[in-house]
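Below is one structure, written out as structure tokens; comments come after it.
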Amino acid sequence: MQMLMIGFKSDQIPPEVRKKLKDLLANDQIRVLDVLTILKHRNRTIEQQPSPDLLPPNSTHSGDLLGRLLRESGSSAVMGESTSGGRGYLFKGDDIPQLRDSMPAGTGAVVLLLEHSWAKPLRDAVVSSGAFPVRDAWVGRTALQQLDLIDSTR
């Protein structure tokens with residue numbers, strides 16, 4: 001599972017981002033489990049809005065899973081745990097950010113809870129073989145540019 005948060009500088013998800021998020025619904029390698037839009041108004045109040053148009057048809061969630069995950073104490077620790085015995089979480093995650101502190105006033109974010117379907121067989125093989133994850137990380141834009149894997153002018 002992955003929690004992905006994308007920020008934007010308005011009270012609406014940019015149309016091109018919304019379109020790409022809707023495209024995820026047709027991807028069989030990733031399953032969208034929940035989506036939540038969060039707005040931090042200029043008066044610094046935070047509003048959470050469900051985004052049902054970004055969920056698969058017949059979804060039973062509309063921001064409630066992510067709302068709980070972001071709200072409950074200890075969720076940061078749960079997201080950050082890993083084991084070397086092949087049980088529990090496959091990879092170590094980052095702490096969940098405190099939105100009240102990390103979001104500038106007048107901005108928003110869309111938060112997605114994603115299940116990576118491609119990872120299930122890998123996870124099962126790791127667990128059943130007694131292997132264990134060592135580390136995982138996202139490769140940053142600068143490193144990808146240095147390897148000529150993405151256009152450095154964009």
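Since this is a predicted model, take the numbers as computed values, not measurements. Heavy atoms only: backbone and side chains are in, while hydrogens, waters and symmetry mates are out. Along the sequence shown, the residues carry numbers beginning at 1.
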Do Ser51 and Leu36 have side-chain heavy atoms sitting under 4.5 Å apart? no
For residues 103-121, which residue pairs pass the salt bridge (Lys or Arg N to Asp or Glu O under 4.0 Å) check, not counting sequence neighbours? Arg31-Glu115, Glu115-Lys120
Side-chain heavy atoms nearer than 4.5 Å, only ILVMFWY residues, links allowed to pass through others: does that put Met5 and Leu65 together? yes
Residue pairs passing the salt bridge (Lys or Arg N to Asp or Glu O under 4.0 Å) test with at least one member in residues 45-65, sequence neighbours excluded, are Arg18-Asp53, Lys22-Asp53
Same cluster or not: Leu25 versus Met1, using hydrophobic residues (I, L, V, M, F, W, Y) connected whenever any side-chain heavy atoms lie under 4.5 Å apart? no
Leu66 reachable from Ile46 in the ILVMFWY side-chain graph, under 4.5 Å edges: yes
Rounded to the nearest 0.5 Å, how far apart are CZ of Arg141 and CD of Gln146? 12.5 Å
Separation between CG (Leu24) and CG (Leu114), nearest 0.5 Å, reads 6.5 Å
Measure the spacing between CG of Leu33 and OG of Ser59 and express it to the nearest 0.5 Å. 8.0 Å
Atom pair CZ (Phe8) and CD1 (Ile13), whose distance is rounded to the nearest 0.5 Å: 5.0 Å
Can a donor-acceptor pair be found, under 3.5 Å and without considering hydrogens, that links the side chain of Asp34 to the backbone of Leu113? no
Name all residues meeting the ring pair (Phe, Tyr, Trp, His ring centres under 6.0 Å) criterion together with His41; count only those two or more places apart in sequence or in a different chain, and write none if there are none. none
Can you sort out the partners of Ile6 under side chain to side chain contact (heavy atoms under 4.5 Å, CB included), two or more places apart, ordered by chain and number? Leu4, Leu21, Val110, Leu112
I'd like to check the salt bridge (charged side-chain N to carboxylate O under 4.0 Å, His left out) partners of Lys9; sequence neighbours left out, ordered by chain and number. none
Would you call Gln49 and Leu39 a side-chain contact if the rule is heavy atoms closer than 4.5 Å? yes
Kindly indicate whether the side chain of Val111, heavy atoms from C-beta on, has any atom under 4.5 Å from the side chain of Met3. yes
Can you sort out the partners of Asp23 under salt bridge (charged side-chain N to carboxylate O under 4.0 Å, His left out), two or more places apart, ordered by chain and number? Lys19, Lys20
Closest heavy-atom contact between Gln2 and His116? OE1-NE2, 2.6 Å
Taking all heavy atoms of Leu55 and all of Ser62, pick out the closest pair and write down the distance. CD1-CA, 3.7 Å
